[in-house]
Amino acid sequence: MPTFTGEQATQYDSRITRLVPGYELLHQLTNAQLKATLSDNAHILVVGAGTGKEVLALAALNPTWQFTAQDTSADMLAIAKQQFDEQGIASRVNIHNGPVNKLSVKADAVLCLLVMHFVQDNGDKKELLKAIKGSLKKDANLYIADLMRPETSFEREAQLTTCAQLGLTETGKTQTGHDLENEFYPLDRMRFSELLNECKFGIPKLYFKALGFSGYVV
Ligand SMILES: C[S@@+](CC[C@H](N)C(=O)[O-])C[C@H]1O[C@@H](n2cnc3c(N)ncnc32)[C@H](O)[C@@H]1O
């Protein structure tokens with residue numbers, strides 16, 4: 001998996017929109033559902049908060065929401081912190097550099113966007129989902145988006161074509177083709193539902209689909 005340190009962190013914001021078709025829309029649709037469901041005093045846990053994309057947009061959507069921004073990469077969180085300071089929202093965000101199971105928060109919603117596909121299905125995905133479940137209030141929603149196993153033989157190729165149209169260079173395309181096969185741990189829909197069920201979540205509802213990337217609310 002990528003390390004999300006050094007240049008991978010500093011270049012993240014400029015690269016991700018070329019690597020994930022529909023990246024902005026995924027975030028927009030996720031945030032709109034939080035706006036539709038949460039009260040003004042909500043606390044939102046963002047797992048794999050990265051450079052702060054989710055927190056920054058949600059903080060602008062509601063001026064009283066509070067956040068926990070969790071990530072395992074200190075470099076990604078350092079960029080997030082700088083942006084929170086610049087936007088004047090730092091007092092609303094608790095930053096946590098460490099695993100989810102070390103948090104004591106009970107959130108009104110959890111976001112886990114483009115994170116779990118980097119976690120192996122050897123017990124680690126289950127551990128992460130269990131920790132997320134433990135961080136959610138009863139009946140609160142998890143919004144989770146991941147690269148899934150391809151459903152057609154041509155899906156990955158079409159994804160790379162789309163990335164090129166989004167500005168990915170020829171070298172970047174070759175690298176991304178390699179990464180998609182070797183750096184991710186994608187699940188098919190059956191295994192994804194099974195894992196969620198084992199961690200006491202309900203039935204996942206699909207709200208975003210862009211070739212290999214799916215977003216579910218559960
Ligand atoms: C592709 S980025 C997504 C960042 C952000 N959610 C977004 O949509 O832009 C993946 C992030 O997940 C983090 N990450 C990877 N494994 C993780 C884990 N087990 N727990 C928490 N964060 C993790 C990485 O450090 C990185 O910041």
Side-chain angles (χ1 to χ4, degrees), residues 1-34 44-59 67-84 93-103 105 107 109-135 142-148 159 163 166 168 172 175-176 179-180 183-187 195 199 207-208 210 212-217:
M1 104 168 197
T3 61
F4 295 102
T5 58
E7 277 195 355
Q8 286 183 16
T10 52
Q11 293 181 4
Y12 178 81
D13 285 346
S14 60
R15 293 191 68 225
I16 192 66
T17 51
R18 282 177 266 162
L19 297 175
V20 179
Y23 176 79
E24 294 292 348
L25 183 63
L26 165 66
H27 281 267
Q28 206 179 350
L29 299 179
T30 305
N31 298 348
Q33 292 173 90
L34 267 65
I44 299 158
L45 166 61
V46 182
V47 171
T51 55
K53 170 79 176 173
E54 294 93 331
V55 172
L56 289 162
L58 289 167
F67 305 91
T68 296
Q70 177 274 349
D71 205 290
T72 47
S73 163
D75 287 4
M76 294 290 272
L77 286 176
I79 296 168
K81 184 181 179 325
Q82 193 180 335
Q83 303 210 70
F84 300 157
V93 191
N94 168 40
I95 293 178
H96 175 72
N97 180 204
V100 180
N101 63 14
K102 292 283 179 250
L103 284 169
V105 66
V110 174
L111 271 56
C112 185
L113 304 182
L114 309 172
V115 179
M116 201 179 69
H117 52 207
F118 293 121
V119 177
Q120 288 193 55
D121 190 15
N122 59 356
D124 290 355
K125 280 188 200 283
K126 191 168 175 179
E127 193 179 313
L128 177 61
L129 285 170
K130 273 190 171 171
I132 289 174
K133 184 68 182 171
S135 303
L142 162 66
Y143 297 81
I144 182 162
D146 275 321
L147 180 76
M148 307 297 284
Q159 201 168 303
C163 291
L166 292 169
L168 196 66
Q175 181 66 49
T176 303
D179 292 350
L180 286 172
E183 304 281 341
F184 290 77
Y185 302 96
L187 301 176
L195 262 182
C199 298
Y207 70 87
F208 174 86
F213 291 98
S214 297
Y216 293 92
V217 56

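Indexing begins at 1, ligand by ligand and atom by atom, following the structure's order.
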Query raised in the report: Hey, do the aromatic rings of Y185 and F118 have their centres closer than 6.0 Å?
Result: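 So the answer is no for these two rings.
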Around [atom], find the nearest protein heavy atom and jot down its residue, atom name and distance.
| atom | result |
| --- | --- |
| atom 15 (C) of ligand 1 | M1 CE, 3.6 Å |
| atom 10 (C) of ligand 1 | L114 O, 3.4 Å |
| atom 14 (N) of ligand 1 | T72 OG1, 3.6 Å |
| atom 19 (N) of ligand 1 | V119 CG2, 3.9 Å |
| atom 6 (N) of ligand 1 | E54 OE2, 2.6 Å |
| atom 2 (S) of ligand 1 | Y12 OH, 3.3 Å |

Using a 3.5 Å distance criterion without hydrogens, assess whether the side chain of [X] forms a donor-acceptor pair with backbone atoms of [Y].
| X | Y | result |
| --- | --- | --- |
| N97 | D71 | yes |
| Q33 | L29 | yes |
| E24 | T17 | no |
| E54 | H27 | no |
| N101 | A131 | no |

Atom indices of ligand 1, in the order listed, that fall short of 4.0 Å to a heavy atom of [X]:
| X | answer |
| --- | --- |
| G50 | 27 (O) |
| H27 | 7 (C), 8 (O) |
| Y23 | 7 (C), 8 (O), 9 (O) |
| V115 | 12 (O), 14 (N), 17 (C), 22 (N), 23 (C) |

Report task. Could you say whether the N/O atoms of G48 and ligand 1 ever approach to under 3.5 Å? Result -> yes
Report task. Counting heavy atoms only, name the option from L19, V100, T5, D71 that's nearest to atom 11 (C) of ligand 1. Result -> D71
Query raised in the report: What do you reckon, is NZ of K133 surrounded by more than 12 foreign heavy atoms closer than 6.0 Å?
Result: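 For K133, atom NZ is crowded (more than 12 foreign heavy atoms under 6.0 Å).
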Report task. For residues V119 and E127, determine if any side-chain heavy atom of one lies less than 4.5 Å from a side-chain heavy atom of the other. Result ->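 They are not in side-chain contact.
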